[in-house]
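Let me give you the structure first, and then I'll get to my questions.
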Amino acid sequence: MSDLERRAASAVESEFAALLVRYHRRLGGAAEAAQAVGEAGVLAWRASAEGHVCVAVDTATAALLAESPVVSALDPPAAQAPDRLLVLQEGHLYLHRMWHAEEALAHGLAALDVAAPLAGEAECRAEIDRVCGDGGIDAQQRALIETGLARRLTIVSGGPGTGKTTTLARLIVAAARLSPGLRIAIAAPTGRAAARLSDSLLAQLPRLDPDPALRQRLPAAGTTLHRLLGLRDAAGRGRAPGDRGMRPLDADLVIVDEASMLDLDLAQRLVAAIGPRARLVLCGDKDQLASVEAGAVFAAVSSLRGPAGALRDAVVLLERNYRQRAAPGIAALATRMRDGTLGADESVPSTLDLEFRLPVGADRVITDALAGYGGVLDAAAAGADGTALLAACARFRILAALRGGPLGADALNAAIGARIRLRLGVDPAVAWFAGRQVTVAQNAPALGLFNGDTGVCTVSEGRLAVAFPAEDGVRLFAPIQLPAVRDAWVSTVHSAQGSEFETVCFVPAPAGHPLATRELVYTAVTRARAKLIVYGDVRLLAEAAARPVRRLSLLAERITRLEQ
């Protein structure tokens, strides 16, 4: 967060606190509680901005807040009017909207957690045997299919290489055969992740089901959750602020990938839109970075597994890594980051797929970038179209933990961009050239482009155009049409969620930085399919592995109470 953003956030917190105090006094609240109400407002607002759903308060503060007319302290507080802007429950303070979303999501998930066999037991078993008949499937993957056919709610967590997409393809084929009229929707929080999911699924279907008639009944492409839910229309326009009405989706089976990116509000809207007889499959990696907005929904619900877990019949954990042989160094590092077992005093040798590079410096990163993006630039010079260039872009990416600083994404992008222009003979004053990779930095709903979308400049019909992935192929825009963009030679780890690249060069945060965390490094490591280069030593990653992020929420506890 920049200094300007911090000042703006602080100003909003202060204004909210002042509003609460004025409201408290106007409604006759005790004078001695006014300061506590203002301070609580700052804490609750700041917690939400930092990703927490609520904030813990001590007993003395809770006693003061409970007497305020702006705080709902009933247990449960569901009957309290929403004009009480704060909710106090079990020693935790919420903004009212956050409490309402968490409560509604818990009830929605508990209602979905029921048995609903798609067909008779013998029929389901026979169909599972059929789609698994080619072998190469383990017991956990089979359990995923069984759960998806037997229950309205399935939650599947697994790291890269555990066969999530392959198994989802088998589930889709089995469900479509058992229920010929089944309407299926596949989606993800971002367009990039939705496109990758649909491409992977469609690649699996011909082998699993040679009959084209079945494939014609299945969705041709994935979509973003916002569009699926009607939060954005076909042109990308958003719904009116405050419009929370959810009509049931026109789908009987909804599969959502990259569910770790679901924030509390979006997850609640999704669950509310599942029809009364429809089923939902949430698929993701519980150990990745949580959503940018408040909540860690997928991690919370994935924790409710095991014999005593409230969602034990719904949660499936995939653990076997089928990429271990192809990239053993990456797989081993990812596992140890996830488990927090990487020691600061041990040596992790470089392998064909894993390399640590020291000393760390911008010059080294820039040199590697020029080599890594050579394929994209050569393809652009040869006149490759947008589809080919986007595919080339997916082969290599530099990821930075930070946006600011000398080794942050902004500084590295500027330096790399200048060197690439020099190499190509492009005047520094010329903004656009074939092969330039860019990221949208400002939402443009009318164009269907949103912050974080990544594209590449190409030549189409003799003119420069910028190609972006689309649900049905590639979208081309004239550069002048685009909103604000920035170079994308380097992406932040947060913006790379939902993506994978053949080779990843990772610039970690320095030791002790708030972003030097287990989840961020694990997410960066698992973006690489074949080769990972880390600018730093093992000690830096070990320190991050020892710092897991914990977002405060009572979602798991709410679901557990409802299931008892």
Side-chain angles (χ1 to χ4, degrees), residues 50-53 155-165 168 187-194 196-197 200 224-225 255-264 266-267 270 281-305 315-321 323 327 330-342 397 399-402 452 491-501 504 506 508-509 514-529 532 534 541 544-551 553 555-556:
E50 293 175 350
H52 301 286
V53 177
I155 299 163
V156 53
S157 177
T162 53
K164 296 190 296 291
T165 305
L168 287 177
T190 68
R192 181 172 54 245
R196 190 164 64 86
L197 171 63
S200 299
T224 64
L225 270 176
I255 296 176
V256 177
D257 197 20
E258 296 293 346
S260 64
M261 298 170 68
L262 285 173
D263 60 72
L264 178 64
L266 188 57
L270 168 65
V281 177
L282 296 176
C283 186
D285 186 344
K286 63 181 177 61
D287 299 301
Q288 278 190 31
L289 280 167
S291 60
V292 174
E293 303 298 331
V297 172
F298 191 73
V301 296
S302 296
S303 71
L304 297 175
R305 66 185 190 279
V315 179
V316 180
L317 184 61
L318 303 183
E319 297 175 297
R320 182 178 176 184
N321 189 332
R323 293 185 196 163
I330 296 173
L333 179 60
T335 298
R336 300 188 69 183
M337 286 301 307
R338 180 196 67 200
D339 298 340
T341 58
L342 187 63
R397 186 57 53 90
L399 300 181
L402 309 181
S491 300
T492 63
V493 177
H494 279 86
S495 67
Q497 283 185 272
S499 299
E500 285 186 347
F501 307 93
V504 166
F506 173 46
L515 290 180
T517 66
R518 179 187 299 178
E519 289 79 5
L520 187 140
V521 174
Y522 172 81
T523 301
V525 168
T526 55
R527 298 312 89 202
R529 293 177 58 89
L532 173 67
V534 179
L541 302 192
R547 294 182 59 205
V549 174
R550 294 290 179 261
R551 287 191 169 182
S553 165
L555 178 62

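Sequence positions, counted from 1, serve as the residue numbers for this chain.
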- Message: Using every non-hydrogen atom in the two residues, find where Cys283 and Lys164 come nearest and quote the distance to one decimal.
- Response: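 Looking at all heavy atoms of both residues, the shortest contact is SG-CD, 3.5 Å.
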- Message: Within the structure provided, determine whether Thr526 and Asp287 are in side-chain contact (heavy-atom separation under 4.5 Å).
- Response: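 Side-chain contact under 4.5 Å: no.
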- Task: Write down the atom of Arg547, the atom of Pro514, and the distance for their closest heavy-atom approach.
- Result: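 Here Arg547 and Pro514 meet closest at NH2-CA, 3.8 Å.
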- Nearest heavy-atom neighbours spanning Ser157 and Leu317: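 In terms of heavy atoms, the two residues are closest at O-CD1, 3.3 Å.
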- Task: May I ask you to test the His494-Leu515 pair for a side-chain heavy-atom distance under 4.5 Å?
- Result: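 Touching, per the 4.5 Å side-chain cut-off.
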- Query: Do Leu225 and Leu262 have side-chain heavy atoms sitting under 4.5 Å apart?
  - Reply: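 Yes. Closest side-chain heavy atoms under 4.5 Å.
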- Which pair of heavy atoms, one from Leu333 and one from Leu532, lies closest together, and at what distance?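 For Leu333 and Leu532, the tightest heavy-atom pair comes out as CD2-CD2, 3.9 Å.
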- Point-to-point distance, once rounded to the nearest 0.5 Å, from CD of Gln288 to CD of Gln497: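 CD of Gln497 is found 5.5 Å from CD of Gln288.
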- Task: Indicate yes or no: at least one non-hydrogen side-chain atom of Asp263 is less than 4.5 angstrom from one of Val297.
- Result: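 No - every pair of side-chain heavy atoms lies 4.5 Å or more apart.
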- Item | Where Val315 and Ser302 come nearest, the two heavy atoms and their spacing |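 For Val315 versus Ser302, the nearest heavy atoms are CG1-O, 3.8 Å.
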- Task: Measure the shortest side-chain to side-chain distance between Tyr522 and Val493 over non-hydrogen atoms and say whether it is less than 4.5 angstrom.
- Result: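 Not touching, per the 4.5 Å side-chain cut-off.
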- Query: Do Glu293 and Leu264 come within less than 4.5 Å of each other through their side chains, counting heavy atoms only?
  - Reply: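 Not in contact.
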- Message: Strictly distance-based, threshold 3.5 Å: is any side-chain N or O of Ser291 a donor or acceptor partner for the main-chain N or O of Gly295?
- Response: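 At least one qualifying donor-acceptor pair exists.
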- Message: If you compare all heavy atoms of Pro508 against all heavy atoms of Val534, which two are closest, and at what distance to 0.1 Å?
- Response: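 Nearest pair, atom of Pro508 first, then Val534: CG-CG1, 4.1 Å.
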- Would you indicate whether the side-chain heavy atoms of Lys286 and Ser260 approach each other to under 4.5 Å?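 When only atoms from C-beta onward are counted, Lys286 and Ser260 do not touch, as no gap falls below 4.5 Å.
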